[in-house]
Amino acid sequence: MPAATRRTALAAGLSLLTGVACAASTPSLEALASRHRLVFGAAIEPGDVEADPDFARLVRSQCGLIVAENALKWMALRPSPDRFDFDAADRVAAIARVQGARLHGHCLVWHEAMPDWLRRDLRPDNAERLLIEHIETVVRRYAGTAVSWDVVNEAVERNDGRPDGLRVSPWLRALGPAYLETAFRAAHAADPAARLVLNDYGLEYDDETWMVEKRGTMLDLLRGLVRRRVPIHALGVQGHLIGHRAPAYGRGLTEFLRAVAGLGLEIHVSELDVDDQKVAGTAAVRDRIVAEHYARFLETMLHDPAVSRVVTWGLSDRYTSKTFLSPRADGAPVRPLPFDADLAPKPAARALAGVIAGRRA
Ligand code: 9MR
């Protein structure tokens, strides 16, 4: 974005969100996003929304899309091989319906959040049946509510040493690389209207060699899937940004996005937050640095017309998994999200609004 446009955009963001302390009256990121060819959403846990009416109001006012942070993972859904427990997932779906938001399903295949029995029992002779049965059951149940699914999450891990760069996950061990295609085809058969996503991290930074290499591996993987006419519609770029690094979201990222779009795929920013675990300074100083990452990353991402969605991984610092996944050594609460623990907009919310407002409508 040219500097002048950027200044105007940031000014727009400021006027949208400055000094608004009350969550309910905070102008809506979703309303703004929808005027700029975007959907805005956040990942939530149902218990947080149900137990906290102020937070529920904030989610309702800001989000056009809700993602189940954990409720649709195998760990939550599959207490045993022959049982599904839809309690938490149904509650997230109900929240989305009541709030008039779309639901995005996260995630049908992942090497983490697998129940112990699945890790133990997954074998070449039962894996395909288990995978297809799970995907059919879950995707059918939420058809009409879930507009999209992360079908496979985090499939690339070059350190695992395979020539194709695929992660040697329990699913790959049991089924070989075909598990990806099997999963996408099963999801498509279960709900032909759902948009199907391959979601991953470590694609964001131009100055990190393994990420630059991972972009190449990801492109090869996507090209192969598209060539084989696998029903895949989007790449999710997670966007777990690192506050103590330089915001190196530059030309390499731009070119990667263009190449993905060239395959006919949409791109989602799917899990945006900024880790301030190792950022020094007062809360105000950290908030400025965190906001700068939101702005710089989204300027590059939203410049590409194929980017159709921005989802933050949580919405308020009151509820963020960074609290336990990435705590600070000084014991101060982490501040990775657009709204603070009092649900007031932070500089990051203004940065988000500013960059969205600066996007061509
Ligand atoms: O935020 C999620 C956390 O509550 C869970 O304990 C964890 C394991 O299931 O997963 C976290 O979400 C992850 C997401 O599912 C995939 N990308 C990385 C996210 C963590 O930052």
Side-chain angles (χ1 to χ4, degrees), residues 41-52 55 59 63 65-79 85 88-89 91-92 103-119 134 138 146 148-157 167 169-171 183 196-205 210-211 214 218 234-245 267-278 290 293-294 297 309-328 333-339 348:
I44 58 133
E45 297 274 37
D48 297 339
V49 173
E50 291 158 352
D52 184 341
F55 181 61
V59 172
C63 295
L65 178 120
I66 280 174
V67 181
E69 182 168 348
N70 289 303
L72 281 163
K73 294 174 181 173
W74 280 71
M75 186 71 110
L77 287 175
R78 303 301 301 274
D85 177 352
R91 284 156 54 207
V92 177
L103 176 70
H104 170 72
H106 171 87
C107 46
L108 296 168
V109 187
W110 193 25
H111 63 285
E112 285 185 37
M114 293 173 81
D116 290 343
W117 67 262
L118 180 61
R119 262 182 210 288
H134 179 84
V138 176
S148 53
W149 287 92
D150 289 332
V151 178
V152 182
N153 193 34
E154 303 174 0
V156 173
E157 176 48 271
R167 179 187 299 279
S169 75
W171 291 107
L196 304 182
V197 187
L198 181 65
N199 192 46
D200 217 326
Y201 64 90
L203 300 164
E204 295 83 0
Y205 286 86
W210 71 266
M211 294 199 196
K214 184 166 177 171
M218 179 57 78
L235 172 69
V237 175
Q238 291 185 2
H240 290 295
L241 308 179
I242 306 162
H244 61 274
R245 287 189 67 105
I267 299 162
H268 300 164
V269 175
S270 55
E271 304 186 11
L272 183 58
D273 58 13
V274 179
D275 190 339
D276 73 331
Q277 181 187 44
K278 294 183 183 153
V290 165
H293 280 270
Y294 274 87
F297 179 64
R309 190 184 278 190
V310 175
V311 170
T312 51
W313 206 241
L315 187 62
S316 147
D317 296 337
R318 188 179 285 186
Y319 306 109
T320 162
S321 58
K322 286 271 186 274
T323 300
F324 55 88
L325 294 178
S326 197
R328 291 175 59 83
V334 295
R335 305 178 66 86
L337 289 165
F339 292 82

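What you see is a predicted model; the values in this text were computed from it and never measured. For ligands, and for the atoms within them, numbers begin at 1 and follow the listed sequence. Residue indices begin at 1 and follow the sequence shown.
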Nearest non-hydrogen protein atom, [atom]:
| atom | value |
| --- | --- |
| atom 19 (C) of ligand 1 | E271 OE1, 3.5 Å |
| atom 10 (O) of ligand 1 | K73 NZ, 2.9 Å |
| atom 1 (O) of ligand 1 | E69 OE2, 2.5 Å |
| atom 5 (C) of ligand 1 | N70 OD1, 3.3 Å |
| atom 12 (O) of ligand 1 | W313 NE1, 3.2 Å |
| atom 20 (C) of ligand 1 | L325 CD1, 3.9 Å |

- Message: Quick check: closest heavy atoms across L272 and L241, and the distance to 0.1 Å?
- Response: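 For L272 and L241, the tightest heavy-atom pair comes out as CD1-CD1, 3.7 Å.
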
- Distance filter under 4.0 Å to Q238 heavy atoms, resulting ligand 1 atoms: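 Taking each heavy atom of Q238 in turn, ligand 1 has 17 (N), 18 (C) under 4.0 Å.
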
- Note on the structure: Near S321 (heavy-atom distance under 4.0 Å), the atoms of ligand 1 are 1 (O), 2 (C), 3 (C), 4 (O)

Give yes or no for whether the N/O distance cutoff of 3.5 Å, strictly under, is met between [X] and ligand 1.
| X | result |
| --- | --- |
| H106 | yes |
| E45 | no |
| K322 | no |

- Considering only heavy atoms, does N153 approach ligand 1 within less than 4.0 Å through its side chain, its backbone, both, or neither?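 It is the side chain that touches ligand 1; the backbone stays farther off.
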
- If you measure from each non-hydrogen atom of F324 to ligand 1, which part falls under 4.0 Å: side chain, backbone, both or neither?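 The side chain, only.
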
- Roughly how far, to the nearest 0.5 Å, is the CD1 atom of I267 from the CZ atom of R309? 13.0 Å

- Query: How far does CD of Q238 sit from CG of D273, to the nearest 0.5 angstrom?
  - Reply: 9.5 Å

- Under 3.5 Å, is there a donor-acceptor pair between the side chain of R119 and the main chain of H111?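 Such a contact is found between R119 side chain and H111 backbone.
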
- Message: Classify the ring geometry of W171 against W74: parallel below 30°, tilted from 30° to 60°, perpendicular beyond 60°.
- Response: tilted

- Query: Does even one non-hydrogen atom of M75 get within less than 4.0 Å of ligand 1?
  - Reply: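 No.
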
- Message: Just to check, does W110 reach to within less than 4.0 Å of ligand 1 when the distance is taken from its heavy atoms?
- Response: yes

- Does a side-chain heavy-atom distance below 4.5 Å link V334 with R328?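 They are in side-chain contact.
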
